[in-house]
Amino acid sequence: MHKDCERILLNEDELRSRVKEVALEVDARYQGKRPLVVGILKGSIIFYSDFIRHLSCPVELDFMVVSSYGSGTVSSGKLRIKKDLDKDVAGRDVIIVEDIIDSGFTLANLKALLLERGAASVVIVTLLNKKERREYDVAPDYNCFDIENEFVVGYGLDYDERYRNLPYIGILKREVYES
Ligand code: IMP
Ligand code: MG
């Protein structure tokens, strides 16, 4: 385990089997359809690539870079689109794939934006859900794990752009972000 982690919250086996289970549920819903799978960079990359490999329906991939965070651990309350989609979402069935839903700010805003642009449907798939922290009226349609209010890293998630490559989800030691 990385020295900056307090403990491993979800190991590789747990991630692999639950991601597969959720992906198969989502897949069942899209039979006969051709969804646009929108990954929110960068945190979702590993989850996204594991997730899409369990889909049997034809998919199109696209990505957005948004940020509501600087380098800290608290949301700054302003969504910035740093990279927009390449595809037009009008009339499309969109699946948003996100690493974690915290206050809900990012996903509430994104979902509203894509619907405003004419998406036929928008379904939210998250790896992690910090339910307790919700401030905005949005919920994932599919979520892999509910977690407590602790700052986690790994499997794509970062603190200050670090730890994304850890193959597990670990709880970051407080001293790392409080020093
Ligand atoms: P929200 O907009 O408050 O729901 O925040 C969602 C974003 O906050 C995620 O996409 C993450 O980038 C970031 N975030 C929230 N909690 C954590 C965490 O525990 N570890 C890493 N990133 C987090
Ligand atoms: Mg993110």
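When a ligand or atom number is given, it counts from 1 through the structure's own listing order. Predicted, not measured: the structure shown is a model, and the values here were computed from it. In what follows, every heavy atom counts, from backbone to side chain, and hydrogens, waters and symmetry copies are set aside.
Taking the centre of each ring, Phe151 and Tyr177 come in below the 6.0 Å mark.
For the ligand labelled ligand 1, residue Val153 lies outside the 4.0 Å heavy-atom shell. For Glu150, the closest heavy-atom approach to ligand 1 falls below 4.0 Å. Residue Glu135 places no heavy atom under 4.0 Å from ligand 1.
At least one donor-acceptor pair under 3.5 Å links the side chain of Asp62 to the backbone N or O of Asp86. Of the possible donor and acceptor atoms, one in the side chain of Asp141 sits under 3.5 Å from a partner among the backbone N and O of Ile124. Of the possible donor and acceptor atoms, one in the side chain of Arg134 sits under 3.5 Å from a partner among the backbone N and O of Asp102.
Applying side chain to side chain contact (heavy atoms under 4.5 Å, CB included) to Leu114 and the options Glu116, Lys111, Arg117 leaves one that passes, Arg117.
When non-hydrogen atoms are compared, ligand 1 lies under 4.0 Å from the backbone of Asp158 (N, CA, C, O) but not from its side chain. By the criterion of a heavy-atom distance under 4.0 Å, the side chain of Glu98, and not its backbone, is placed next to ligand 1. Residue contacts with ligand 1, taken as heavy atom pairs separated by less than 4.0 Å, involve Leu157 solely via side-chain atoms from C-beta onward.
Listed by atom number, the atoms of ligand 1 under 4.0 Å from Gly104 heavy atoms are 1 (P), 3 (O), 4 (O). Set against the non-hydrogen atoms of Lys130, the atoms of ligand 1 under 4.0 Å away are 16 (N), 17 (C), 18 (C), 19 (O). Atoms of ligand 1 lying under 4.0 Å from any heavy atom of Thr106, numbered from 1 in the order shown and given with element: 1 (P), 2 (O), 5 (O), 6 (C).
Ion pairing of Lys42 with Glu161 is present here, as a side-chain N (NZ or NE/NH1/NH2) and a carboxylate O approach within less than 4.0 Å.
Of the candidates Ser103, Gly154, Ser44, the one placing a heavy atom closest to atom 1 (P) of ligand 1 is Ser103.
Between Phe47 and Tyr155, the ring planes are tilted. Angles from 30° to 60° get that label.
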